[in-house]
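Taking it in order: structure first as structure tokens, then the write-up.
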Amino acid sequence: MESFQWLKDLFTTTDSVAHIALLYAIVIAIGVYLGKIKVFGISLGVTFVLFAGILAGHIGFTAPTPILTFVQDFGLILFVFMIGMQVGPGFFESFGTAGIKLNGLAASAILLNILVMFAYGAVTNTPGLGAANEALNTVFPNGAPQIASAYACAYPLGVLGIIGAIVLIRYACKVKLEDEEKQLLEMEGTKTNKKPYKMHLEVTNKYLEGKTLLQVHDFLNRDFVISRLVHEGELCIPNRDTLFHVGDQMLIVCAEADQEAITAFIGPKLDIDFEQQDQPLVSKRILITNPKINGKTLASMHFSSVHGVNVTRVTRHGLDLFASASLPLQVGDKIMVVGPEDAVDRVANIMGNSLRRLNAPNIATIFVGIFIGLIFGSFPLAIPGMPVPVKLGLAGGPLIIAILIGRYGYKIHLVTYTTTSANMMLREIGLVLFLASVGIKAGDNFFETVVEGDGLLYVLTGFLITVIPILIIGPIARIRHKFNYFTIAGMIAGSYTDPPALAYANSICSKEAPAIGYSTVYPLAMFLRIFTAQIIVLFFCG
């Protein structure tokens, strides 16, 4: 038996590095595998790591509290920061006309959560749990009460409550999924946004004779790019000083909404394709990987005047954008460049065009952002009536800074590009470390809370807190604001930052409407839940 003493020590010597690593490896692996189990097509995902941690803590498989606290807080920081980096580029753009309404509805749902709430720990928002834990540690530095037990009790039924409420709204508002799909198709057909639009035109407006491209651009007051022009049989790459002549033929790329006005002013469309003609020009997609290009606008690069090429469109995060002069370029963008082959190759060298560079994560930006976020989150804000100053804390500070860096980091030459897989990996690692730590710490008294305490009350309270706001906000979004049902489903999932609910919404819709609704409200909802969690705890503890 003594020969196996090393194995016994590995599981029982709680302050050894090997034991702590083993503890987290077992808890996280078991939790992730259990999270893949589906009940009625719904799974709780990595949240099962919390329950695996609770079980481990209950049987005495644990680690020193300071270690658990450190791993818990670092995991939370990493989780929320990577979320902020992902949503940052589109955060402020989400506040369009429809976006403002959706975010207003999401904020109203969160406000109703607070009004319905009589005991915390029942919402299905993990960063909110982290923020509340941190606020409690501020108020009770010598030993904060554990709220993870209530969270664990309420979470499963809370998730089912969100999905059930979405289904109930469908029947209460007499929604037919087929009609909603048709509506989305009609909206796609009539939508004229900043998508690039390509057309071949012939100059027939005599007013343009002898005018420069810059003069025509200023008169129209619309952005467009002429990538190729044929004058008297010769094909060229025009620049701002190129003269227009009646009879010239050109390939124009513009915003889809502007194509009618440009056609009416310059001349009719032609049924030809310059790209199919024999000519010395090439089109090439170039990947921006040179950090020095980050943040520079297309106008500042002088592509046509200096390099003899034109950029007709930019692809960012899978979306095609019209290449307006004021558009700032970012690492990870792909630009469509048209021009002589040697000139296009020179531009490719300047832009970087190296996929290998993008595969290397920008670790410095991440930790610079976390550093600034922790300082920002630690800044105390005194509010009358509060027992201690309010802080954005370990969750709120890094989240806000990550959003700002994701959107404006290029202005201070921070390369914020991270591959989707790298972002997801870092985010999930942070999340499972946080959930495992919370579960292990709560496991010591979890079953006493459920069996002998108020476990059933937590479940019921969490269900009511979750469902009542949805049943109020959902019909308002449908009846008053006339939103598509799938968009409403995504908005509700985003308001609760709940991936299982989004997965259900995606499963009943063939379009991107649920994901758009989710991503539109997600950043603001995440911020409000983190911030209000702290405010509520501080207020009630006071």
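Just so it is clear, the values below take in all heavy atoms, side chains as well, and ignore hydrogens, waters and symmetry mates.
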Nearest-0.5 Å distance that lies between atom [atom1] in [X] and atom [atom2] in [Y]:
| X | Y | atom1 | atom2 | result |
| --- | --- | --- | --- | --- |
| I166 | Y485 | CD1 | OH | 6.5 Å |
| E260 | C254 | CD | SG | 10.5 Å |
| I28 | Y33 | CD1 | OH | 13.0 Å |
| I400 | F376 | CD1 | CZ | 4.5 Å |
| I488 | F486 | CD1 | CZ | 10.5 Å |
| K176 | E181 | NZ | CD | 15.0 Å |

Side chains of residues 425-435: which donor-acceptor pairs under 3.5 Å do they make with residues two or more places apart or in other chains?
unit_1 : atom_1 : unit_2 : atom_2 : d
R427   : NH2    : Q86    : OE1    : 2.4
R427   : NH2    : N423   : OD1    : 3.3

Task: Parallel, tilted or perpendicular: ring planes of F483 versus H481, cut at 30 and 60 degrees - done: tilted
Within the 4.5 Å heavy-atom criterion, are [X] and [Y] side-chain neighbours or not?
| X | Y | result |
| --- | --- | --- |
| I468 | L112 | no |
| F51 | L34 | no |
| L102 | T487 | yes |
| Y197 | R313 | no |
| L329 | T297 | no |
| D333 | T315 | no |
| Y496 | P469 | yes |
| Y24 | L68 | yes |

Task: Side chain H19, main chain T62, donor-acceptor under 3.5 Å - done: yes
TODO: Could you tell me whether a side-chain N or O of K174 sits under 3.5 Å from a main-chain N or O of Y171, the two making a donor and an acceptor?
DONE: no
TODO: Could you please spell out the steps behind the side-chain contact (heavy atoms from CB on, under 4.5 Å) verdict for I508 and R170?
DONE: CA-CA 12 Å; I508 61 173; R170 170 185 167 186; 5.5 Å; no
Identify the heavy atoms of [X] and [Y] that sit nearest to each other, and give their distance.
| X | Y | result |
| --- | --- | --- |
| C173 | P475 | SG-CA, 4.2 Å |
| P64 | I20 | CD-CD1, 4.4 Å |
| A323 | V314 | CB-CG2, 4.2 Å |
| I470 | A165 | CG2-CB, 3.5 Å |
| M85 | A402 | N-CB, 3.7 Å |
| A436 | V27 | CB-CG1, 3.8 Å |

TODO: Take I375 and S378 through the side-chain contact (heavy atoms from CB on, under 4.5 Å) test and state the conclusion after the steps.
DONE: CA-CA 5 Å; I375 294 177; S378 301; 5.9 Å; no
TODO: Starting from the C-alpha separation in whole Å, work towards a yes-or-no answer on side-chain contact (heavy atoms from CB on, under 4.5 Å) for I401 and L374.
DONE: CA-CA 9 Å; I401 295 300; L374 291 174; over 6 Å; no
TODO: Give the intermediate values and the outcome of side-chain contact (heavy atoms from CB on, under 4.5 Å) for residues K334 and I288.
DONE: CA-CA 6 Å; K334 289 182 179 178; I288 299 177; over 6 Å; no
Open item on the list: For a quick check under 3.5 Å, do K441 and T69 share a side-chain donor-acceptor pair by atom type?
Closed with: yes
Task: salt bridge (Lys or Arg N to Asp or Glu O under 4.0 Å) involving R478 - partner list, sequence neighbours excluded - done: E180
